[in-house]
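All values below were derived from every heavy atom in this structure, side-chain atoms included, with hydrogens, water molecules and symmetry-related copies excluded. Chain naming here is simple, since letters A, B, ... match the order of the sequence lines and numbering starts at 1 in each.
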Amino acid sequence: MADDPQSRFEIVAREDFSDATYLLEVRHPLMARAARPGQFVIVMSHEHGERIPLTIADYDREEGTITLVIQAVGKSTREMQQTCTVGTHLYGMVGPMGMPSPLGKAKKVLCVGGGLGVAPIYPQMKGFKEAGAYVIAVIGFRTKSLVFWQEKFEACCDELILCTDDGSAGVEGRVTTGMELAIAKHPDIDECVAIGPPIMMKGAAEVTRPHGIKTMVSLNPVMIDGTGMCGGCRVKVGDTVKFACVDGPDFDGHKVDFDDLMARLGRFSSQEKAAMKRWSDECRMAKPVSPAGGKE
Amino acid sequence: MARKKTIRTIPQERTPVSEQDPKERVTNFEEVSHRYSQEDALLESDRCLMCPEQPCVAGCPVGINIPGFIQKINDKDYRGAYDVITATNLLPAICGRVCPQETQCEGVCTVGDTLEPVAIGRLERFVGDMAINAGWANVPYIEPVPFRIGIVGAGPAGMACAADMAKAGCEVTVYEAFHQSGGVLRYGIPEFRLPNPVIDAEMGNLEKLGVTFECNTLVGRLFSIEQMIDELGFHAVFIGTGAGYPSMLGVPGDSLNGVLSANELLTRCNLMHAREFPNYDTPMPPARRVAVVGAGNTAMDAMRVCLRLGAEEVYCVYRRSRIEAPARAEEVHHAEEEGVRFKWLTNPVEVLGDDEGGVRAMRCVRMELGEPDDSGRRRPVPVAGSEHDIEVDLVVVAIGTNANPIIGQTSKLALNKWGYIEADEHLATSMPGVFAGGDIVTGAATVIEAMGAGRKAARSMKHYLGIRDVDAPYFVDGADTLFGIDLRERNFVRVRVPA
Ligand SMILES: Cc1cc2nc3c(=O)[nH]c(=O)nc-3n(C[C@H](O)[C@H](O)[C@H](O)COP(=O)(O)OP(=O)(O)OC[C@H]3O[C@@H](n4cnc5c(N)ncnc54)[C@H](O)[C@@H]3O)c2cc1C
Ligand SMILES: Cc1cc2nc3c(=O)[nH]c(=O)nc-3n(C[C@H](O)[C@H](O)[C@H](O)COP(=O)(O)OP(=O)(O)OC[C@H]3O[C@@H](n4cnc5c(N)ncnc54)[C@H](O)[C@@H]3O)c2cc1C
Ligand code: SF4
Ligand code: SF4
Ligand code: FES
């Protein structure tokens with residue numbers, strides 16, 4: 001209709017961190033002005049695409065751009081990895097969605113990001129820093145070759161603890177190991193924010209629970225509209241049911257029912273696998289014909 | 001003029017409309033009801049008594065001149081009929097299809113006292129479809145006025161308001177959160193009841209009036225209502241964001257993977273085309289045996305979608321009885337024909353899971369009707385010891401919606417105690433220049449009521465802006481040039497001198 005997809009949501013920069021993780025910078029001046037730490041967008045890469053939620057990993061108000069860091073896990077994110085080159089356009093991008101993170105009056109904050117949570121923790125960390133807090137960041141990767149944004153973090157936080165599962169860079173161990181170290185050194189940490197896979201956030205919440213440190217986590221249930229209309233993103237927090245897209249996505253990690261979240265994340269796994277398989281079979285067959293950029 | 005008609009001289013039988021055979025139609029998403037042919041329409045138009053008191057007009061939420069347009073049909077002046085309808089209702093092809101006529105216009109039709117009422121909805125659809133096929137559009141003479149209007153939400157309420165403000169000469173921009181416009185018409189009501197080309201055609205008419213659509217725009221988050229007035233330069237704003245926020249069952253097992261809202265199911269199927277997975281990327285939950293809780297239009301649509309997606313058994317579980325079911329009568333009838341199994345006076349108490357986090361069955365109790373409640377309907381009460389399990393693998397919840405919280409969260413607008421936007425009888429909100437209507441003010445209602453609200457808000461907006469309501473005469477198929485100047489180029493259309 002009036003929306004001309006060719007004139008909007010242009011991809012102006014791209015960077016590949018590893019063979020599975022890539023960064024896209026998308027032009028959207030209004031959104032760059034409105035975005036706040038903790039918010040996300042919903043992207044449709046093409047007309048037949050899925051609506052996929054992605055955290056706003058950074059924004060540049062001057063340049064009018066939004067930064068997304070994406071991990072290729074299934075059909076949509078892998079397809080985007082192939083088609084989203086500089087100069088192409090996304091079919092749709094709506095946001096910023098969700099409640100901005102409450103960047104309270106904490107004086108000393110622990111910001112924890114694991115795997116695909118490393119990028120989304122960045123704006124929150126920056127937010128805390130700008131609000132005058134002392135910020136200790138813990139970021140975790142599986143191995144050295146997957147590490148990204150280390151300098152970007154160092155430039156922004158007061159202390160950085162890098163963890164890798166195999167010890168190939170920084171501290172050996174998961175982010176929970178890094179968190180223990182940080183808490184041992186700074187018993188006066190008054191708030192923690194943890195973003196990453198549900199199992200990691202669950203672990204992080206267990207680390208801080210005995211210390212009574214308030215811990216916020218950012219939940220990532222399956223979403224469709226992102227406007228509170230479908231209830232697909234509902235999560236259990238304490239005794240209540242919340243819709244992560246409008247009531248969150250940040251919630252008190254000590255109250256979240258992570259097992260429920262993890263079970264619900266598997267809702268469509270058989271269809272997702274089928275889609276992935278079908279798509280990669282197709283790609284294999286189509287490979288020699290059209291390289292990057294050609295999307296319909 | 002013919003002799004005055006009486007109830008005895010008119011055709012006694014309501015002209016039937018052909019429908020796709022139930023067995024055939026549950027295998028496709030094509031429209032269920034076909035439209036009247038010209039002969040059908042002429043025959044049916046003969047059944048209208050042209051009552052002087054016109055009770056039907058009062059029964060229509062926007063007060064269409066019903067005998068007026070039926071007379072035009074009877075005169076074979078179909079274009080004239082279209083003009084009469086569109087003087088009040090912009091979307092005849094839609095309303096003719098989805099209005100609950102039995103409780104609105106047809107419910108009070110005089111003929112209905114003795115015989116079946118005049119099929120007003122079918123006649124309206126006949127005219128609406130004819131207009132789409134012929135490409136008619138009523139583009140009035142529009143004299144630009146220097147006002148900019150922002151509309152939030154491209155559902156029926158927003159569209160109706162947009163149309164009226166555009167006709168008044170304002171520059172109108174409609175913001176929609178989804179990537180396509182239409183609201184519930186698009187994401188909720190399935191194509192077998194309301195095909196997408198019909199929505200597109202009626203939207204196209206809005207664009208002809210000069211309305212701009214901005215999809216992918218979540219108002220409240222991208223910019224607030226306050227910013228629309230203070231920074232984006234809108235002189236007035238209309239909010240028509242619909243209800244949304246579905247209620248879930250609130251019983252144990254509610255968060256199992258096989259439990260979802262009807263809104264989710266329908267959005268996946270309609271807006272995201274999940275029924276064409278994997279050609280489209282959005283998946284649909286597998287459904288062999290389905291229980292849909294509720295008996296409104298949303299529930300009926302969900303059930304009939306499940307049947308078309310190949311479910312073997314679909315149950316409708318409703319705690320009251322059939323007469324209390326809020327759906328359009330025709331939808332209940334169609335669902336029944338298509339093989340939905342109704343469990344009236346039944347209420348879920350628990351959803352039972354299987355080993356993999358999915359659904360195995362739904363535990364229900366039987367209900368009986370007790371004393372009337374506040375709504376005047378008899379209150380259902382559980383029958384002791386009547387627990388029983390219905391074996392299903394999908395539970396779809398269609399028991400109503402609450403107010404969408406986004407605008408409330410992001411503006412200072414006053415809300416009522418249920419979270420709906422507070423608006424006075426002129427649909428003005430607590431913020432000057434900001435009006436609201438449709439489901440976000442009244443809670444879930446009907447398409448035509450939402451449109452009526454959009455138009456009412458437009459009237460108030462015009463008063464607020466000091467625009468005088470003039471009855472702009474319509475341009476009817478004629479020359480586009482005046483002294484050799486192409487008028488369309490300048491966005492002016494020649495005015496036909498009213499007869
Ligand atoms: C608020 C929020 C923020 C997110 N931020 C990021 C981010 O910054 N970077 C990033 O790489 N990923 C992020 N995700 C996850 C991302 O949306 C999913 O990885 C993506 O949708 C997977 O799509 P796919 O087709 O590639 O994979 P699929 O094979 O379809 O799915 C892989 C897994 O992703 C999850 N998933 C699938 N569909 C959705 C959906 N519609 N919504 C949410 N999860 C889904 C499921 O758990 C599924 O098992 C975020 C999710 C949410 C809810
Ligand atoms: C499945 C179903 C079947 C129905 N069947 C019938 C029927 O047969 N007959 C009948 O008369 N009625 C029916 N109804 C009811 C009818 O559709 C609604 O009453 C009507 O659509 C309400 O119109 P609205 O304009 O207020 O809101 P909606 O149609 O809900 O439109 C609101 C629009 O606003 C958008 N929006 C929301 N928030 C924002 C935001 N912050 N920024 C930008 N955009 C936003 C939404 O995406 C949506 O497109 C049905 C409803 C459903 C759900
Ligand atoms: S708009 Fe609806 S209520 Fe009004 S006349 Fe048409 S069908 Fe009847
Ligand atoms: S009430 Fe029925 S018969 Fe009378 S004018 Fe209206 S449609 Fe015709
Ligand atoms: S994604 Fe639909 S309600 Fe949150």
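- Of the listed residues (A:Pro100, A:Gly232, A:Pro96), the one with the most heavy-atom contacts under 4.5 Å to chain B is A:Pro96.
- The parts of B:Val259 that come within reach of chain A are both its backbone and its side chain, each placing non-hydrogen atoms under 4.5 angstrom from that chain.
- With a 4.5 Å cut-off on non-hydrogen atoms, A:Thr227 touches chain B through its backbone and its side chain both.
- Between chain A and the options B:Gly244, B:Pro285, B:Pro405, heavy-atom pairs under 4.5 Å are most frequent for B:Pro285.
- In this structure, chain B has a heavy atom under 4.5 Å from the side chain of A:Arg33, while its backbone stays farther away.
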Start with the C-alpha gap between B:Met284 and A:Phe268, add the side-chain angles, then the distance that decides, and say whether side-chain contact (heavy atoms from CB on, under 4.5 Å) holds.
CA-CA 8 Å; B:Met284 203 69 177; A:Phe268 295 100; 5.9 Å; no

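- Neither the backbone nor the side chain of B:Leu266 comes within less than 4.5 Å of any heavy atom in chain A.
- With hydrogens and angles ignored, the 3.5 Å screen pairs a side-chain donor or acceptor of B:Gln409 with a backbone N or O of A:Val246.
- The closest donor-acceptor contact from the side chain of B:Ser261 to the backbone of A:Cys230 lies under 3.5 Å.
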Evaluation steps, side-chain contact (heavy atoms from CB on, under 4.5 Å), between A:Phe9 and B:Asn216:
CA-CA 10 Å; A:Phe9 319 128; B:Asn216 289 298; 3.8 Å; yes

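- Using a 4.5 Å cut-off between heavy atoms, B:Leu222 contacts chain A through both its backbone and its side chain.
- For B:Glu356, no part lies under 4.5 angstrom from a heavy atom of chain A.
- Pairing each heavy atom of B:Leu256 with each of A:Arg264, the nearest pair is O-NH1, 3.7 Å.
- Of the two parts of B:Ser255, the backbone and the side chain both hold a non-hydrogen atom closer than 4.5 Å to a non-hydrogen atom of chain A.
- Of the atoms belonging to B:Glu231, it is side-chain heavy atoms, and not backbone ones, that fall under 4.5 Å from chain A.
- The contact between A:Met31 and chain B is made by backbone and side chain atoms together, counting heavy-atom distances below 4.5 Å.
- For A:Val222, the part lying near chain B is the side chain, with the backbone staying farther off; criterion is any non-hydrogen pair under 4.5 Å.
- Among A:Met99, A:Glu79, A:Arg36, A:Lys236, the residue making the largest number of heavy-atom pairs under 4.5 Å with chain B is A:Met99.
- Classified by interplanar angle (parallel below 30°, tilted 30° to 60°, perpendicular above 60°), the ring pair B:Tyr280/A:His48 is parallel.
- For the atom pair CZ of B:Phe178 and CD1 of A:Ile42, the computed distance is 8.5 Å after rounding to the nearest 0.5 Å.
- Remark: side-chain polar atoms of B:Asn263 are paired, donor with acceptor, to backbone N or O of A:Met229 under 3.5 angstrom.
- With chain A as the partner, the residue from B:Met248, B:Met272, B:Gln227, B:Arg268 showing the most heavy-atom pairs under 4.5 Å is B:Arg268.
- Pairing each heavy atom of B:Pro246 with each of A:Gly228, the nearest pair is CD-O, 3.8 Å.
- Of the atoms belonging to A:Asp260, it is side-chain heavy atoms, and not backbone ones, that fall under 4.5 Å from chain B.
- Atoms CG and NE2, on B:Asp281 and A:His46 in that order, are 4.5 Å from each other to the nearest 0.5 Å.
- Heavy-atom distances place both the backbone and the side chain of A:Leu30 under 4.5 Å from chain B.
- Taking CG of B:Leu260 as the start and CD1 of A:Ile224 as the end, the distance is 8.0 Å to the nearest 0.5 Å.
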If you apply the rule side-chain contact (heavy atoms from CB on, under 4.5 Å), what do you find for A:Arg51 with B:Thr282, and how did you get there?
CA-CA 8 Å; A:Arg51 294 171 66 89; B:Thr282 305; over 6 Å; no

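- Note: A:Gly49 leads A:Gly226, A:Gly231, A:Ala35, A:Gly49 in heavy-atom pairs under 4.5 Å with chain B.
- Between the side chain of B:Arg221 and the backbone N or O of A:Gly98, at least one donor-acceptor pair lies under 3.5 Å.
- Rounding to the nearest 0.5 angstrom, the gap separating the CZ atom in A:Arg8 from the CD atom in B:Glu214 is 5.0 Å.
- The only option from A:Glu47, A:Met44, A:Met93 that meets the side-chain contact (heavy atoms from CB on, under 4.5 Å) definition with B:His179 turns out to be A:Met44.
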